[in-house]
Structure formats: structure tokens, C-alpha cells
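These numbers come from a predicted model, not from an experiment.
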Amino acid sequence: MRFLSALSLLAALALPARAQLPQELIAITRANVVDGVSDARLRNATIVIRGGKIESIRENGPVPQGARVLDAANRWVAPGLIDAHTHIRNVADARRALQSGVTTVRSASVPNYQDVALRDIAKSGFVILPDVVATGVFVSPDLGETITADARLAPLAGGVRTPEQLRLLVQVNAARGVNWIKTRGTERAGLPDTDPRQQTYTEAQLRVVVEEAAKAGIPVMAHAHGDEGAYAAVRAGVKSIEHGTYLSDSTLRLMRERNVWLVPTLSTIVDLTTPGGDYADPVLELRGQHMQPHIEDVIRRAHAMGVRIAAGADTDYHRESTTRISHEVMRFAALGLTPVQALATATSGAAELLGLGNVTGQLRIGYEADLIVVEHDPLANPGTLRDPLLVITNGRVALDRLRMGLGN
């Protein structure tokens, strides 16, 4: 291994620090607006962004002096999308999510606390990234090489099953500054040698996780495809069930009673059925063909019963990934959610789940300037969300493809 010499290290330290990226005064003109909450449309509006927040949204509103003007040219402005279930672990993938219109993500675990670092980098203002809600290390029976994430995890090399072991992992996560804890009720769907219906932790074990997390004021999300594991997780007190492929009506009723959210990640089940993307395995392809009608039925029943649904793509947005949060909105609309409800799963509703409902997820005065511009009305044509022409996060322009011409 090569090391920097003392001279080269001093030279590197002498490099000038990069300045924070500015939060410009911006005016988006000739914009048609949907707010992410209602089916109201405001046409020919001017949106003024100052200091990273939305200052005004007015029909034919004035443009402040000195503002950078972005002409929407009668296109549609919507809140930036929220992905409530990701596995992003590096800057390149975070930027790829951002360019797809995602301005906020909730991590669903990474192996080495990269999500905590990305969250803090995004907040620093030196790099334009989505806001990150961090979850850290998965509270799962076997950590494997993940014990290298923090030396305090060494006692867990043999497994995470006893109350003491479960508490330790939650405590280390909390000490690393996570916003959520992720645990599991069942096995994975994305491995050919596991059955996603198989329960992993009991209700008593999951309750230990929830109670230890509550000491630090941290909510818990639970990976659960199978009904038994999901039911145990809901009874133990988790805030959201991730996936939920085989949920029964009794589990859904309990979720509604306890205000537990469903993040079904339908698009990743569809991805299982399709060669390429995040998964490419004949066993998983067959599994996905079996799972897809089940999860679609769960979504219909959950919606009919009043269970709150949030959108999660369950991808790390790597170079080969073809799953996007816009697909979830499209598929939810096809399964019976109204256009407003479908969009809210990736905007205002998802923000509520993440505890950010008074910060982002809506186009509203005083909220963070997280927004996208698309070609068509997303309430009439949710497929338009697949191709954002402008992305702004925290008042910073991350993508601008509004002007396609070659004129002056």
C-alpha cells in the first residue's frame, strides 16, 4: 500500500477549500402548479425561491430584481419526489436519484453508515444532493462483514438475537446519529436461497428493538414480506412495514388501527420479473412472477381499508438500475389510488411518514424549495414524472433542461 509523503500531505492540506454552493434568488415563471396535497391547479404562476425556501407562489406574480429567471414555458411544477426506501451509499448514486426528480430519500440500511455521511454532506451545502434520512446498519440476525462498520459491533460477530445483542446494535446506530432504525420480520426476496415469507424475529425480539430505539426517540421500520413476521412487527410497535407482499386483512386492520404505514416497493417486485435492472436471476424472475399479483392485491386492500401508503423504489440508483420512484406513482394510480393520492405517496404523504410534513413534500410558502418541472400535468399523466426537466433541492438547481433550443 502506498502512503502520502509528509510533503505531499502538507501540499494536499494547503489546497483551497471549496466554497458552499449558493442558494440563489430564483423566479420560476409561466408555471402550472400542483401542490402535492390537493387536485387544485394554479396556472401561469410565478414561484419565488429565496434562501432555499419558497417565498411566494402567485398567479402572474412579479419577478424580484436580481432573480435568476427560469421559464417553465407553461410546463408543470410539482413537489420534489420522496423515496422512502433506498439503499444509496455513494455520491454518484445519490446524484442519479436527484436527477430522476428525487429530492429526499429515506435509507433502508447500508453496510457502513454511508447514509449518515451523505446526509451530513447534503446539509453542508458543498455538494448538491438529495436530503437523506439515515438508517445505518440493518438490525438483522446475522451481520456478516457489516461488523466492520463500527468496532463496537465486534461482540455481534456471532449473531444478533438476544435482547442484549439487539439493544447493542440499536445503541451503536443511535450513537452514529441515525434518524430511523431498520429491522426485519422476515427473510429477503432478492436472494435465490431465501424464502421471503419466513419469519426471522419474534414479536418479543422486535419489541426489544422498538423499545430501545424509543429511548433515543428513533422510529423503526420493518422489512416484512410474510404475514406472520409483519404482524409481529406491527404488534411490537414499528412505524412502517416495508414490502408487505403477503399481508392478510387482519394485519392490515391492525396497521390501520395503529397508524402503521405500508411502503410496498412494488416496482422492485416488478424488477424481479424482468431481466437486468437490480436483479438478474431466473429463480428470482420466477419468484417475482408469483409475488407481483400478491403485492398488487395487498395494495388494493390496504388502500380500501385506509392504510397509509408511501412510495419506495428499493434501489441504490446504481448505473444499471432501472427502477424509479415515478414508477411507484404510476403503478399506484393504476391500482386504484386517485391521482392526488398516488402523487402524495411520493410527496406530502411520504414527508409525513418521515416526520418532515412541515418541511417538504408540498409546494407551500415557507417550505423547503424542493421541486421538479415536468412536461405534463402529473395528476392527469403520472408517467410525465419519469422525465423531469428541472430539479431544485433546498433552493439549489440540480438539473436544468428547460431550454432545448440553440438560440441566444
Side-chain angles (χ1 to χ4, degrees), residues 81-90 93-94 96-98 100-102 104-111 114-115 118 130 132-138 140 180-192 194 196-197 221-226 229-230 233 238-247 261-274 276-281 284-285 287-292 294-296 298-299 302 309-332 335 345-346 349-350 353-354 385-386:
L81 302 179
I82 297 173
D83 189 336
H85 188 115
T86 73
H87 295 278
I88 295 172
R89 64 183 73 179
N90 61 55
D93 293 345
R96 199 170 288 113
L98 187 58
S100 76
V102 171
T104 303
V105 302
R106 180 180 64 165
S107 168
S109 79
V110 293
Q114 299 99 322
D115 54 356
L118 286 169
V132 177
V133 177
T135 302
V137 169
F138 197 1
S140 187
W180 280 70
I181 294 291
K182 183 189 178 186
T183 189
R184 68 159 71 247
T186 71
E187 285 287 359
R188 287 187 58 186
L191 296 175
T194 60
R197 292 164 293 196
M221 59 196 290
H223 164 110
H225 287 280
V238 303
K239 182 64 176 175
S240 67
I241 293 294
E242 313 298 303
H243 315 302
T245 307
Y246 300 102
L247 298 185
W261 289 66
L262 174 64
V263 184
T265 67
L266 169 58
S267 295
T268 201
I269 303 300
V270 175
D271 187 32
L272 289 177
T273 70
T274 308
D278 287 274
Y279 303 93
D281 183 286
L284 298 181
E285 186 174 338
R287 175 179 290 172
Q289 292 170 11
H290 176 267
M291 295 177 71
Q292 185 175 342
H294 283 277
I295 186 60
E296 289 176 346
V298 165
I299 292 167
I309 297 173
D314 193 15
T315 181
D316 59 8
Y317 290 88
H318 63 87
R319 190 179 298 275
E320 287 76 34
S321 173
T322 57
T323 300
R324 294 293 182 267
I325 208 65
S326 54
H327 300 148
E328 289 289 278
V329 177
M330 294 166 60
R331 291 179 171 122
F332 291 159
L335 290 171
T345 66
L353 167 62
L354 271 53
L385 297 170
R386 291 175 293 186

Side-chain contact test, heavy atoms from C-beta onward, threshold under 4.5 Å: evaluate it for Arg96 versus Arg319 and give yes or no. yes
Heavy-atom side-chain contact between Arg184 and Ser109 under 4.5 Å: no
Taking all heavy atoms of Gly226 and all of Leu247, pick out the closest pair and write down the distance. O-CD2, 4.5 Å
The reported gap from OG1 in Thr186 to NE2 in His223 (rounded to nearest 0.5 angstrom) is 4.0 Å
Please work out whether the ring planes of His290 and Tyr246 are parallel, tilted or perpendicular, with thresholds of 30° and 60°. tilted
Taking all non-hydrogen atoms of both residues, which atom of Leu118 and which atom of Arg89 are closest, and how far apart? CD1-C, 3.8 Å
I'd like to know whether Thr345 forms a side-chain contact (heavy atoms from CB on, under 4.5 Å) with Glu328, so could you lay out the CA-CA distance, the side-chain angles of the two residues, the decisive distance to 0.1 Å, and finally the verdict. CA-CA 9 Å; Thr345 66; Glu328 289 289 278; 5.7 Å; no
Is the closest side-chain heavy-atom distance between Thr322 and Thr274 below 4.5 Å? no
Rounded to the nearest 0.5 Å, how far apart are CH2 of Trp261 and CD of Glu242? 12.0 Å
For the pair Arg386 and His327, evaluate side-chain contact (heavy atoms from CB on, under 4.5 Å) and give the outcome as yes or no after the intermediate values. CA-CA 8 Å; Arg386 291 175 293 186; His327 300 148; 4.1 Å; yes
Heavy atoms only: give me the nearest Ser100-Leu81 pair and the separation to one decimal. O-CD1, 4.4 Å
Does any non-hydrogen side-chain atom of Arg331 lie less than 4.5 Å from one of Val270? yes
Val263 vs Arg106 side-chain heavy atoms within contact, under 4.5 Å: yes
Tightest non-hydrogen contact, residues His225 and Pro196, listed as CB-O, 3.3 Å
Least distance between heavy atoms, Pro264 atom then Ile309 atom: CD-CG2, 3.9 Å
Exactly one candidate in Asp93, Asp83, Asn90 meets side chain to side chain donor-acceptor pair (under 3.5 Å) with Tyr317; the answer is Asp83
If I take atom CG from residue Asp115 and atom OG1 from residue Thr86, how far apart are they, to the nearest 0.5 angstrom? 8.0 Å
State, yes or no, whether a side-chain contact exists between Met221 and Val238 at a heavy-atom distance under 4.5 Å. no
For residues Thr268 and Thr315, determine if any side-chain heavy atom of one lies less than 4.5 Å from a side-chain heavy atom of the other. no
Show your reasoning for whether side-chain contact (heavy atoms from CB on, under 4.5 Å) applies to His85 and Lys182. CA-CA 11 Å; His85 188 115; Lys182 183 189 178 186; 4.1 Å; yes
Rounded to the nearest 0.5 Å, the CG atom of Asp314 sits from the CD1 atom of Ile269 at a distance of 8.0 Å
Going through the distances and angles, do Ile299 and Leu266 end up as a side-chain contact (heavy atoms from CB on, under 4.5 Å)? CA-CA 9 Å; Ile299 292 167; Leu266 169 58; 4.0 Å; yes
Do His243 and Ile295 come within less than 4.5 Å of each other through their side chains, counting heavy atoms only? no
Under a 3.5 Å cutoff, is there a donor and acceptor pairing between the side chains of His294 and Thr245? no
Leu272 CG to Leu284 CG distance, which is reported to the nearest 0.5 Å: 6.0 Å
Is Thr135 reaching over with its side chain to a backbone N or O of Ser107, donor-acceptor style, under 3.5 angstrom? yes
Measure across Thr323 and Ser267 and return the closest heavy-atom pair with its distance rounded to 0.1 Å. CG2-CB, 3.6 Å
